[in-house]
Amino acid sequence: CFGPLTALRREMFEAAGGFARLTHVLADDTELGHLTAEQGFRVAFAPLAVDTIVPETRLADLLQHELRWARTTRALRPLANLGQVFTFAQPLILVGFLATPSLWLGLMVGLVAALRAVLVGVIELKFGRAVTARSPTPWVLVHREFLCCGVWLAAFAGREIDWRGRRLAIAENARLVPDAIALDGHHPETRGRAMSSGVE
């Protein structure tokens, strides 16, 4: 399930534990899909196409947002996350070309870039562009793959994420805890009582 596009019945949600079920969950949208299936219901696609607009206008904000997504994916589906390396055709071929330059690999780099541009162009013709898009396409978006690859690599450098100004850590079973708690080993409830009593 994908966050803002998820809808389910209230009685189903409450029967599964309600908001208490989602308190320390890393990906609440995914958990909503799980609790639906656990009760024997079917998760179905809506018969509508919904536009999703990325609101970030600064590169730093975009990278922070996508790093959170990447570390979420890594925690929830580690094997699938590793498999994403095969989706980075341009970076992989370019690394190969820089390691052992050859005419054949150079042509492959150009061919993959051209195919990527054609793909982006076809998608743009079929679905249009986001109303907030300002950069020219498809050539600028061709290089988006390098940004995605960099974010994917950065996801392996830690287990912390930033959520609306709060630093959180991804613990076992894809649960969220404040970063300081993850570092000192205290349980969230224990630390919460200590904080409320003025110990810290």
Side-chain angles (χ1 to χ4, degrees), residues 1-6 21-35 37 43 50-99 108-109 112-113 115-117 119-120 123 130 132-133 135 137-188 191:
C1 294
F2 179 64
L5 309 181
T6 306
R21 167 95 178 241
L22 307 178
T23 303
H24 297 293
V25 174
L26 171 60
D28 52 356
D29 45 6
T30 299
E31 188 69 11
L32 290 174
H34 288 163
L35 66 85
V43 177
V50 181
D51 286 339
T52 301
I53 298 175
V54 178
E56 287 80 15
T57 57
R58 295 173 58 245
L59 180 60
D61 294 336
L62 177 66
L63 291 176
Q64 187 178 80
H65 193 168
E66 296 204 350
L67 181 60
R68 186 174 79 243
W69 282 346
R71 288 183 173 165
T72 297
T73 303
R74 180 185 166 213
L76 292 172
R77 297 184 176 182
L79 290 179
N81 181 65
L82 282 174
Q84 284 185 357
V85 67
F86 298 108
T87 68
F88 305 128
Q90 287 188 95
L92 289 176
I93 291 176
L94 184 59
V95 167
F97 175 75
L98 294 175
M108 286 296 295
V109 170
V112 170
L115 289 174
R116 178 70 66 179
L119 175 63
V120 172
I123 292 173
T132 56
S135 60
T137 56
W139 284 106
V140 171
L141 289 180
V142 164
H143 305 294
R144 182 68 160 83
E145 191 173 339
F146 291 93
L147 184 65
C148 293
C149 184
V151 171
W152 178 79
L153 289 171
F156 291 92
R159 299 186 64 84
E160 300 80 34
I161 62 171
D162 186 271
W163 176 251
R164 298 183 179 180
R166 293 188 62 192
R167 198 70 178 169
L168 303 171
I170 302 172
E172 293 183 6
N173 300 318
R175 312 299 281 184
L176 280 178
V177 294
D179 193 23
I181 295 174
L183 294 175
D184 66 21
H186 288 90
H187 188 276
R191 190 178 178 94

| query | So Trp152 and Phe156, would you call those rings parallel, tilted or perpendicular, with 30° and 60° as cut-offs? | reply | perpendicular

| task | Using modelled atom types only, decide if a donor and an acceptor are shared between the side chain of Arg74 and the backbone of Ala155 within a distance under 3.5 Å. | result | yes

| task | Evaluate side chain to side chain contact (heavy atoms under 4.5 Å, CB included) for Leu76 paired with Asn81, printing each intermediate quantity in order. | result | CA-CA 9 Å; Leu76 292 172; Asn81 181 65; over 6 Å; no

| query | Side chains of Leu67 and Asp162: does their closest heavy-atom pair fall under 4.5 Å? | reply | no

| query | Stepwise, does the side chain to side chain contact (heavy atoms under 4.5 Å, CB included) test hold for Leu94 with Val112? | reply | CA-CA 10 Å; Leu94 184 59; Val112 170; over 6 Å; no

Closest heavy-atom contact between [X] and [Y]?
X     : Y      : value
Leu63 : Val151 : CD2-CG2, 3.9 Å
Gln84 : Thr73  : NE2-CG2, 4.0 Å
Pro78 : Ala75  : CD-O, 4.1 Å
Pro91 : Glu145 : CD-OE2, 3.4 Å

What is the distance from atom [atom1] of [X] to atom [atom2] of [Y], rounded to the nearest 0.5 Å?
X      : Y      : atom1 : atom2 : answer
Arg166 : Ile161 : CZ    : CD1   : 10.5 Å
Arg71  : Leu168 : CZ    : CG    : 12.0 Å
Thr6   : Asp28  : OG1   : CG    : 8.5 Å

| task | Go through the steps to decide whether Val25 and Thr30 satisfy the test side chain to side chain contact (heavy atoms under 4.5 Å, CB included), and finish with yes or no. | result | CA-CA 9 Å; Val25 174; Thr30 299; over 6 Å; no

| request: Run the numbers on Glu160 and Ile170 for side chain to side chain contact (heavy atoms under 4.5 Å, CB included), then give the verdict. | output: CA-CA 6 Å; Glu160 300 80 34; Ile170 302 172; over 6 Å; no

